[in-house]
Amino acid sequence: MARPLDPVSLQHFVAVCEEGSIARAAARESLVASALSKRIGALEAEVGVPLLLRRRRGVEPTPAGEALLGRARELLAALDRLRGELGAFGSG
């Protein structure tokens, strides 16, 4: 059985795509670049396809990466909405 995609990896992937750079995304996510790169590599291994084109001056998503980027944004937004809805229960 495949391991489920975790929200933190998806958040990191979105950051890399938005920043266009693993180094800038790592700074944004308060990580070292090598750890973020390793996490993205693990995500690629998990889904079985390359998600980023790594170039001298940054990265850009592959077609599969573009597809994941859209879905990752949707999922992360849904999780934020869920947190808000559940938070309402705590306030009465």
Side-chain angles (χ1 to χ4, degrees):
M1 184 167 150
R3 226 180 76 190
L5 298 173
D6 73 283
V8 175
S9 291
L10 294 177
Q11 178 182 327
H12 293 331
F13 177 73
V14 169
V16 169
C17 291
E18 289 177 353
E19 295 295 332
S21 160
I22 289 176
R24 286 192 302 270
R28 171 175 148 178
E29 298 292 306
S30 301
L31 297 169
V32 294
S34 60
L36 181 55
S37 181
K38 190 172 186 176
R39 188 124 191 194
I40 297 299
L43 182 60
E44 289 175 317
E46 195 172 318
V47 298
V49 294
L51 299 170
L52 296 173
L53 295 172
R54 290 156 175 85
R55 304 190 188 279
R56 283 182 154 219
R57 297 195 178 264
V59 297
E60 65 182 68
T62 63
E66 287 285 353
L68 178 61
L69 179 59
R71 294 294 188 182
R73 286 178 171 148
E74 291 172 11
L75 287 167
L76 293 170
L79 286 173
D80 283 342
R81 287 191 303 274
L82 177 60
R83 267 188 219 101
E85 292 168 9
L86 293 176
F89 287 99
S91 60

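All residue numbers refer to positions in the sequence shown, counting from 1. Here the structure is a predicted model, which means the values were calculated and not measured.
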Exercise for the section: Using a 4.5 Å cut-off on heavy atoms from C-beta on, say whether the side chain of L52 contacts that of C17. Expected result: yes
Fill in the blank from the handout: Of all heavy-atom pairs linking A15 and E29, the shortest is CB-OE2, 3.6 Å
Exercise for the section: Carefully, step by step, assess K38 and L31 under the rule side-chain contact (heavy atoms from CB on, under 4.5 Å). Expected result: CA-CA 11 Å; K38 190 172 186 176; L31 297 169; over 6 Å; no
Completion exercise
What one should report as the nearest heavy-atom pair of R24 and S21 is N-OG, 3.1 Å
Handout entry: Sub-4.5 Å side-chain heavy-atom contact between L75 and P7
Key = no
Completion exercise
Closest non-hydrogen contact found for L36 with A26 is CD2-N, 3.4 Å
Practice task
Taking the side chain as every heavy atom from C-beta outward, state whether Q11 and L79 have any pair of such atoms under 4.5 Å apart.
Solution key: no
Problem - Over 12 non-hydrogen atoms of neighbours within 6.0 angstrom of CZ in R71 - result: no
Exercise for the section: Check step by step if side-chain contact (heavy atoms from CB on, under 4.5 Å) holds for E44 and T62. Expected result: CA-CA 11 Å; E44 289 175 317; T62 63; over 6 Å; no
Problem - Least distance between heavy atoms, F13 atom then L51 atom - result: CE1-CB, 3.7 Å
Exercise for the section: Mind checking the CZ-CG spacing from R73 to L68? Nearest 0.5 Å is all I need. Expected result: 10.5 Å
Problem - Pairs flagged by salt bridge (charged side-chain N to carboxylate O under 4.0 Å, His left out) wherever residues 59-70 is involved - sequence neighbours left out - result: R55-E60
Handout entry: Contact check, side chains of V14 and L69, non-hydrogen atoms, under 4.5 Å
Key = yes
Practice task
Measure from the side-chain N and O atoms of S9 to the backbone N and O of L43, and report whether any donor-acceptor pair falls under 3.5 Å.
Solution key: no
